[in-house]
Amino acid sequence: MLNEYDCWLQKRKIASNIKAPETVFIQDSLSGETAAQAVKEFTSGIQRLLGFLPKVVSLPVEQETAAKENAVLLGLFSGFEKYPSFPAAALSNKTAESFIIKVTGAQIIIAGADEAGLLYGVFRFLNLLALGEIKDGFELIDSPVSPLRMINHWDNFDGTIERGYAGGSLFYKDGNFSYDRQRIEDYAQLLASTGINRLSINNVNVRAKAKLLITEEYLKHVGELAAIFRPFGIKLFLSINFGSPWSLGKLPTADPLDPSVLEWWKNHTALIYKYIPDLAGFIIKADSEGEPGPFQYNRTHADGANMLAKALTPFGGTVIWRCFVYNCTQDWRDKNTDRARAAYDHFMPQDGDFADNVILQIKFGPYDFQVREPVSPLFGALKKTRHVMELQITQEYTGHQIDLCYLPTVWEDIMNFDTAFSDTDKRAAIKDLIASNKKDYPNIEGFAAVVNVGLDNNWCGHTLAQANLYGYGRLAWNPAVTAEEIADEWSALSFGAGEAAAKKVKEILLKSYGAYEKYTSPFGVCFMVTPNTHYGPSVEGYEFSRWGTYHRADKDAIGIDRTPSGTGYTNQYSPKNAAMFADPSTCPENLILFFHRLRYDYKMKNGQTLLQNIYDTHFEGYEEAENMIKDWKALKDSLEEDVYKSVLSRFEKQLDNAREWRDQINTYFWRKTGIDDAKGRKIYE
Ligand code: GCV
């Protein structure tokens with residue numbers, strides 16, 4: 001049975017394969033609050049899963065305890081140096097946040113390279129225990145592949161959340177901070193249990209009163225929040241507004257090269273750090289969708305970012321600078337401007353110009369979190385600039401957490417994308433490029449993702465959308481984990497390892513992305529969605545708008561030619577990928593309309609025309625949505641009534657949505673072409 005508030009940390013008595021760890025010995029040298037949290041998580045986790053609270057005893061570091069029965073030893077690698085049985089591999093592992101779990105007879109050792117590593121080790125141990133994988137002889141040494149594993153909140157000061165589908169903000173209400181301390185702690189626990197280590201707490205659109213967040217009146221609240229997240233190894237970032245020197249400081253300018261502007265930021269940053277001494281830094285959306293930025297002063301993004309970096313340097317802070325920069329006042333008549341080119345055109349020429357404490361944050365694709373986009377050509381190309389990939393857990397374009405859409409499916413495709421920038425080093429897939437900052441190397445330092453949580457009791461609106469939050473944390477830790485592995489873990493942790501319901505839910509999750517893609521926008525055609533809300537179909541909703549997102553369907557053809565004979569976007573990729581994308585016969589078909597303008601009678605690999613494929617996918621997607629409901633209904637008797645009903649009502653709405661998509665898209669193309677469905681299914685006139 002599932003208590004939806006507890007997500008994947010269910011209170012559920014499990015049948016354990018090991019002797020009950022009755023005593024927890026902790027190295028007496030452990031003094032920090034993260035270590036204390038790790039101990040607390042361990043004991044409460046054992047109570048949650050095994051039904052008793054272990055006794056906690058402090059242990060002098062040098063004491064040999066190998067003989068202790070039914071005991072758990074928690075500590076740091078350094079404290080275990082004298083233990084003969086402690087694996088040498090762990091002792092030599094200096095990667096921050098790594099851990100080891102080792103089970104020998106009735107003794108369990110969980111140790112971290114540092115306190116955060118210990119905390120992650122404890123959480124992993126508890127999950128593995130719940131999954132039935134902890135047995136005598138078990139040993140796991142693990143390190144995060146990505147150093148930066150960040151969550152972005154787009155929460156507004158008035159309590160709303162931009163692109164939020166799960167209730168109001170956890171942090172704000174009616175123009176002020178307003179939060180339930182316990183709820184924030186529970187949230188921190190959920191995030192830390194998947195390995196998240198950074199969090200930005202306010203919308204990147206820093207507008208109206210949110211600009212005051214970095215003033216003394218509000219900084220004390222930020223300090224209080226930072227204190228709640230700190231024991232969980234999570235440091236905060238603040239979204240800031242580039243225009244603050246004039247909007248808050250009353251300076252005549254925010255020009256990054258004006259000395260008075262730098263001076264203002266230095267003083268103001270010092271004030272911010274008085275309240276939050278371990279603030280991770282600032283995140284900033286500049287020159288993007290109306291937000292101010294260096295372009296207003298004819299300065300470059302490097303000028304802007306480096307100025308803020310200087311202000312943060314004395315405090316060890318970092319600037320995260322978003323690359324979502326494009327012309328959002330495009331004339332639809334203009335066929336020469338291609339929004340997909342924008343991030344690369346703006347940032348590639350500046351590779352190497354950014355300070356060491358600047359990290360660029362790049363959306364995974366060149367547009368905006370569409371159902372299917374190619375991976376941004378900046379990945380693999382940037383060599384001298386630190387950068388991370390931005391994903392979206394909140395389902396802005398993927399069904400608003402009404403429609404089930406299991407995102408790790410597409411994230412896995414993104415991780416496997418081969419940037420093909422290196423002929424000598426074959427390891428050029430995105431997942432192989434994730435690593436710590438290495439000079440002159442195209443590595444990606446990790447991930448940031450817009451989160452899907454709010455005040456709803458189940459955090460995510462749709463209970464099954466919790467899998468996306470869990471999945472993001474797991475994948476940010478290790479981008480080589482597959483969507484199937486994550487679905488397996490999450491379903492078993494949530495619905496009970498070995499339960500039939502867990503197996504069925506896993507299957508439903510794994511089918512959901514494909515279904516959503518089929519009934520909405522297959523083949524990489526983007527933005528056929530209702531403007532502004534981004535839920536439901538509006539085939540030409542963006543055709544005559546200023547956002548640069550057109551498919552230009554007419555009676556014969558659809559899509560944008562982004563090859564060298566068109567906008568030339570394909571040339572932003574490595575030569576191998578440029579050639580692959582530019583040729584329709586080698587371009588992956590799930591992206592073919594992103595890269596090509598094709599006639600409806602273009603023959604696809606299955607021998608059918610493009611038009612027939614459009615009809616087929618939309619009919620199939622709807623049928624798959626119907627099947628998901630059937631699968632869910634079969635679980636009625638094995639689920640909590642509230643969970644069963646709330647998910648069912650979302651599936652019902654999803655089916656309505658799928659029907660609208662299917663019929664509006666099919667009718668649209670039928671009206672354009674006058675060509676019937678070869679299989680004679682119903683297309684409305
Ligand atoms: C925070 C898209 C969304 C906006 C969002 C923006 C961004 O355009 O629709 O709501 O604004 O992306 O990522 O900055």
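Since the structure is predicted, the reported quantities are computational estimates derived from the model, not experimental observations. Order of appearance sets the numbers: ligands from 1, and atoms from 1 within every ligand.
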K.L.:
Under 4.0 Å from a heavy atom of Lys285: give me the atoms of ligand 1 that qualify, with their elements.
P.N.:
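That gives atoms 1 (C), 6 (C), 7 (C), 11 (O), 14 (O) of ligand 1.
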K.L.:
Looking only at distances, can you tell me whether any N or O atom of Glu390, backbone or side chain, sits closer than 3.5 Å to an N or O atom of ligand 1?
P.N.:
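So ligand 1 has no N or O lying under 3.5 Å from an N or O of Glu390.
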K.L.:
Within the structure, does Asn203 bring an N/O atom to less than 3.5 angstrom of an N/O atom in ligand 1?
P.N.:
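Checking ligand 1 against Asn203, no N or O pair falls under 3.5 Å apart.
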K.L.:
Using a 3.5 Å cut-off on N or O atoms only, is His534 in polar contact with ligand 1?
P.N.:
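No, there is no polar N/O contact under 3.5 Å.
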K.L.:
For residues Thr398 and Gln392, determine if any side-chain heavy atom of one lies less than 4.5 Å from a side-chain heavy atom of the other.
P.N.:
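Answer no - side chains too far apart.
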K.L.:
Of all heavy-atom pairs between Met307 and Val261, which one has the smallest distance, and what is that distance?
P.N.:
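Met307 and Val261 have their closest heavy atoms at CE-CG1, 4.1 Å.
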K.L.:
Which ligand 1 atoms are under 4.0 Å away from a heavy-atom of Glu396?
P.N.:
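What qualifies from ligand 1 is 3 (C), 9 (O).
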K.L.:
Can an N or O of Ser288 be found at a distance shorter than 3.5 Å from an N or O of ligand 1?
P.N.:
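So ligand 1 has no N or O lying under 3.5 Å from an N or O of Ser288.
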K.L.:
Would you say the side chain of Tyr569 lies within less than 4.5 Å of the side chain of Tyr344, judging by non-hydrogen atoms?
P.N.:
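Not in contact.
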K.L.:
Does any non-hydrogen side-chain atom of Tyr297 lie less than 4.5 Å from one of Phe295?
P.N.:
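Phe295 does not reach Tyr297 side chain to side chain.
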K.L.:
Specify the protein heavy atom at minimum distance from atom 1 (C) of ligand 1: its residue, its atom name, and the distance to 0.1 Å.
P.N.:
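Closest protein heavy atom to atom 1 (C) of ligand 1: Asn205 ND2, 3.2 Å.
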K.L.:
Tyr326 versus ligand 1: do any nitrogen or oxygen atoms come within less than 3.5 Å of each other?
P.N.:
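Tyr326 vs ligand 1: no N/O contact under 3.5 Å.
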K.L.:
With heavy-atom distances below 4.5 Å as the criterion, would you say the side chains of Asn152 and Val451 are in contact?
P.N.:
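Contact flag for Asn152/Val451 side chains = no.
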K.L.:
Considering non-hydrogen atoms of the protein only, which is the closest contact for atom 8 (O) of ligand 1, and what is the distance?
P.N.:
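The closest one turns out to be Glu289 OE2, 2.9 Å.
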K.L.:
What's the separation between atom CG in Leu469 and atom OH in Tyr187, rounded to the nearest 0.5 Å?
P.N.:
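With rounding to 0.5 Å, CG (Leu469) is 6.5 Å from OH (Tyr187).
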K.L.:
Strictly by side chain to side chain donor-acceptor pair (under 3.5 Å), give each pair with a member in residues 449-462 just once, sequence neighbours left out.
P.N.:
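Passing the test, one end in residues 449-462: Asn458-Thr463.
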K.L.:
Can you pull out every side chain to side chain donor-acceptor pair (under 3.5 Å) where at least one residue sits in residues 402-412? Sequence neighbours excluded, please.
P.N.:
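Those involving residues 402-412 are Asp403-Tyr519, Asp403-Tyr535, Asp403-Asn657.
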K.L.:
What protein heavy atom sits nearest atom 12 (O) of ligand 1, and how far off is it?
P.N.:
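Closest protein heavy atom to atom 12 (O) of ligand 1: Lys363 NZ, 3.1 Å.
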K.L.:
May I ask which of Glu162, Arg163, Arg322 has a heavy atom nearer to atom 7 (C) of ligand 1 than the others do?
P.N.:
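Checking each option, the heavy atom nearest atom 7 (C) of ligand 1 is found in Arg322.
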K.L.:
May I ask you to check whether Tyr179 and Phe171 place their ring centres under 6.0 Å from each other?
P.N.:
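No, they do not, as the ring centres are separated by 6.0 Å or more.
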K.L.:
What protein heavy atom lies closest to atom 2 (C) of ligand 1? Include the residue and the distance to one decimal.
P.N.:
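Sorting protein heavy atoms by distance from atom 2 (C) of ligand 1 puts Asp368 OD2, 2.9 Å first.
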K.L.:
State whether the shortest distance between N or O atoms of Trp154 and N or O atoms of ligand 1 falls below 3.5 angstrom.
P.N.:
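No; every N/O pair is 3.5 Å or more apart.
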K.L.:
Just which atoms of ligand 1 are under 4.0 Å from any heavy atom in Phe324?
P.N.:
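Once the distances to Phe324 are compared, the set is 6 (C), 7 (C), 8 (O), 12 (O), 13 (O), 14 (O).
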